[in-house]
Amino acid sequence: MELTRKLVLIPSLFALLFLASCQEDDEEVTTLPDEEVVEDPTETALINDWIYTVMRDYYYWNEAIVSPIATTTSPEDYFYSLLDQDDQFSFITDDYDGLMMEFSGVYQTMGYSPSFGLLPSSDQVFVVVEYVYPDSPADRAGLQRGDVILEIDGQSLDTENYFELYAQEQYTATLGAYDGGAITITNEQVALSAEVIQADPVLYTEIKTNIDSKVGYLVYTEFISGDSRQWLTSLGEALSGFQQESITDLIVDLRYNPGGEIDAAQFLASALAPASAVANEEVLVRYEYNDELTRAIRFTEGEDSENLISTLSGNGYNLNLNRVIFLTAQGTASASELLINGLEPYMEVITVGEPTVGKFYGSWVIPDLEEPARHNWAVAPVVLKYANSLGETDFIDGLAPDYPVEDNLLAAYPFGDENDPILAQALAVISADFNARALASVQQTIPYRRLRNPQDDRKFMLKATIF
């Protein structure tokens, strides 16, 4: 796959880059003073100078950047020293090409999504499988949703080594079994080797006809378009199937969806919203940048720029729903939250599960734009904040579910299984036939403490554009 350093979602940003970096007579355009540029021949100084310039121009909290350019500090340390104290989401990488592969849905991976946990009164960490991509190494090895890994290459996992062991490109995993109080090692082992896979975010679809409504169910794992928009095509095919069956309700499972591209969120929102809202091209969300960048966008593109407003727009897949139910968990973030928040002014939006992450910010992935590029570093700073058409934003504690149900992966069911407590509660909202089952299910609580997944630093991302 050929990766290029160009804009694919906001073509007009080249004009913004020009306005932000060149001297203009207009007072609305600002540049960095000459004395702030460090002319140092070392690679570290060059990269840090580039980081400083990008952050001063595009970072949402750019006015707080007052640190001098560091000539000897590592680029990673220097970048994180510039971040606002409330910024949990900006990140830097020295592998821009690899990052772009991930964002296109092409991964070097075992093919399973991990959740890391720690049982009470124990120092042993375990991995529980959230889902498995079809035809991935994990799928061929027989891993399934809810499986537990206790050892990797014979080593027990603890709070110091769990991610390092998990992130290897090849290992043998020893499985465990949960008996309601402890996890014990089994004799089962699986050998795994990472491969490059095509990760279709449409993981599972089903139409349920055994209740008094025809209900569509969609498991969607990431908001990505793909290099040739193949993942939007896949999503469109799933939506078309729901259209052909004339579903009356839709359940969208976003429990393990950490976000992604605004374009993909806009695509799905336009399929779910009432047809009248789509025909009127109602506002999905509005964007706010730092003062200088906001003025530059307005100056070059006007108040109605697509960089300031995302609207609902026809794409041929509109389901014309009056109600949609989203399943959420502690990994639901970014573009998932934008979708939920953006649709609420136009239809009944019901959430079932756990509170979401609380990310109402968006980022740009910015590499070195010199030709040829001087390095392979890229920064992904927060550049914008979004609000829905009613101005609702700043949900710092996440979006609270209308029907709280904990997502206990140690008692996970296959996707679509109506014994899944969160799915059962969603079906109970639609049909009274499921009330008893749902009410019995919600009583269970998660018997372990969740641990941080460092992969989330990249995945909790709302990408307004990709270079």
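Of the charged side-chain nitrogens involved, at least one lies within less than 4.0 Å of a carboxylate oxygen, so that Glu195 and Arg140 count as a salt-bridged pair.
In the model, Ser74 has a side-chain atom that pairs as donor or acceptor with a side-chain atom of Asp77 under 3.5 Å. For the residue pair Asn315 / Ser270, no side-chain donor-acceptor distance below 3.5 Å is found, with atom types taken as modelled. Side chain to side chain, Asn307 and Glu301 meet the donor-acceptor criterion of an N or O pair below 3.5 Å. With 3.5 Å as the limit, one finds a donor-acceptor pair spanning the side chains of Ser310 and Tyr287. A donor and an acceptor atom, one from each side chain of Ser225 and Glu261, are located under 3.5 Å apart. Inspection of the Asp87 and Tyr60 side chains reveals no N or O donor paired with an N or O acceptor under 3.5 Å. With no hydrogens or angles considered, a side-chain donor-acceptor pair links Asp407 and Tyr256 at under 3.5 Å. A donor and an acceptor atom, one from each side chain of Glu344 and Asn388, are nowhere located under 3.5 Å apart. A side-chain donor-acceptor contact under 3.5 Å links Asp402 and Thr351. A donor-acceptor pair shorter than 3.5 Å cannot be found between the side chains of Ser313 and Glu281.
With a 4.5 Å cut-off on side-chain heavy atoms, Glu337 and Val357 count as touching. Between Ile446 and Glu354, the closest side-chain pair of non-hydrogen atoms falls below 4.5 Å. At least one side-chain heavy atom of Leu410 sits under 4.5 Å from a side-chain heavy atom of Val148. Contact annotation: the side chain of Tyr78 never approaches that of Ile92 to less than 4.5 Å [non-hydrogen atoms, C-beta and beyond]. Taking the side chain as every heavy atom from C-beta outward, Thr186 and Leu150 never approach each other to under 4.5 Å. Ser115 has its side chain out of reach of Val127: every pair of non-hydrogen atoms, C-beta onward, lies at least 4.5 Å apart. For the pair Tyr178 and Thr184, the minimum side-chain heavy-atom distance is 4.5 Å or more. No side-chain heavy atom of Glu392 sits under 4.5 Å from any side-chain heavy atom of Tyr386.
More than 12 heavy atoms of other shown residues, nucleotides or ligands fall within 6.0 angstrom of atom CG in Asp394.
In this structure, the separation between CD1 on Ile262 and CG on Leu338 is 6.0 Å, given to the nearest 0.5 Å. Atom NZ of Lys385 and atom CZ of Phe360 lie 6.0 Å apart (nearest 0.5 Å).
Between Tyr131 and Tyr133, the ring center distance clears the sub-6.0 Å criterion. Between Trp231 and Phe267, the gap from one ring centroid to the other reaches at least 6.0 Å. Checked against a 6.0 Å centroid threshold, the rings of Phe126 and Tyr448 count as neighbours. Ring pair Trp364/Tyr58: centre-to-centre distance below 6.0 Å.
Each of Glu406, Arg255, Arg450 was compared with Gln330 under the side chain to side chain donor-acceptor pair (under 3.5 Å) criterion, and only Arg450 meets it.
Asn161 places a side-chain N or O within 3.5 Å of a backbone atom of Ser156 that can act as its donor or acceptor partner. Thr356 contributes a side-chain N or O that, together with a main-chain N or O of Leu399, makes up a donor-acceptor pair within less than 3.5 Å. Not a single donor-acceptor pair under 3.5 Å links the side chain of Asn280 to the backbone N or O of Glu282. When atom types are taken as modelled, the side chain of Ser336 and the backbone of Asn257 share a donor-acceptor pair closer than 3.5 angstrom. The closest donor-acceptor contact from the side chain of Asn290 to the backbone of Tyr59 lies under 3.5 Å. Judged by distance alone, with hydrogens and angles left aside, the side-chain atoms of Asn62 form no donor-acceptor pair with the main-chain N or O of Met55 at under 3.5 Å. Here the side chain of Ser122 pairs no donor or acceptor atom with the backbone of Leu118 at under 3.5 angstrom. Between the side chain of Ser305 and the backbone N or O of Gly302 there is no donor-acceptor pair closer than 3.5 Å.
Using the six-membered ring where Trp is involved, Tyr166 and Tyr171 have ring planes that are tilted, between 30° and 60° apart.
Judged by a 6.0 Å distance limit and a 45° cone about the ring axis, Arg145 is positioned over the six-membered ring of Phe415.
For Ser389, the side chain to side chain donor-acceptor pair (under 3.5 Å) partners at least two apart in sequence or on another chain are Tyr346.
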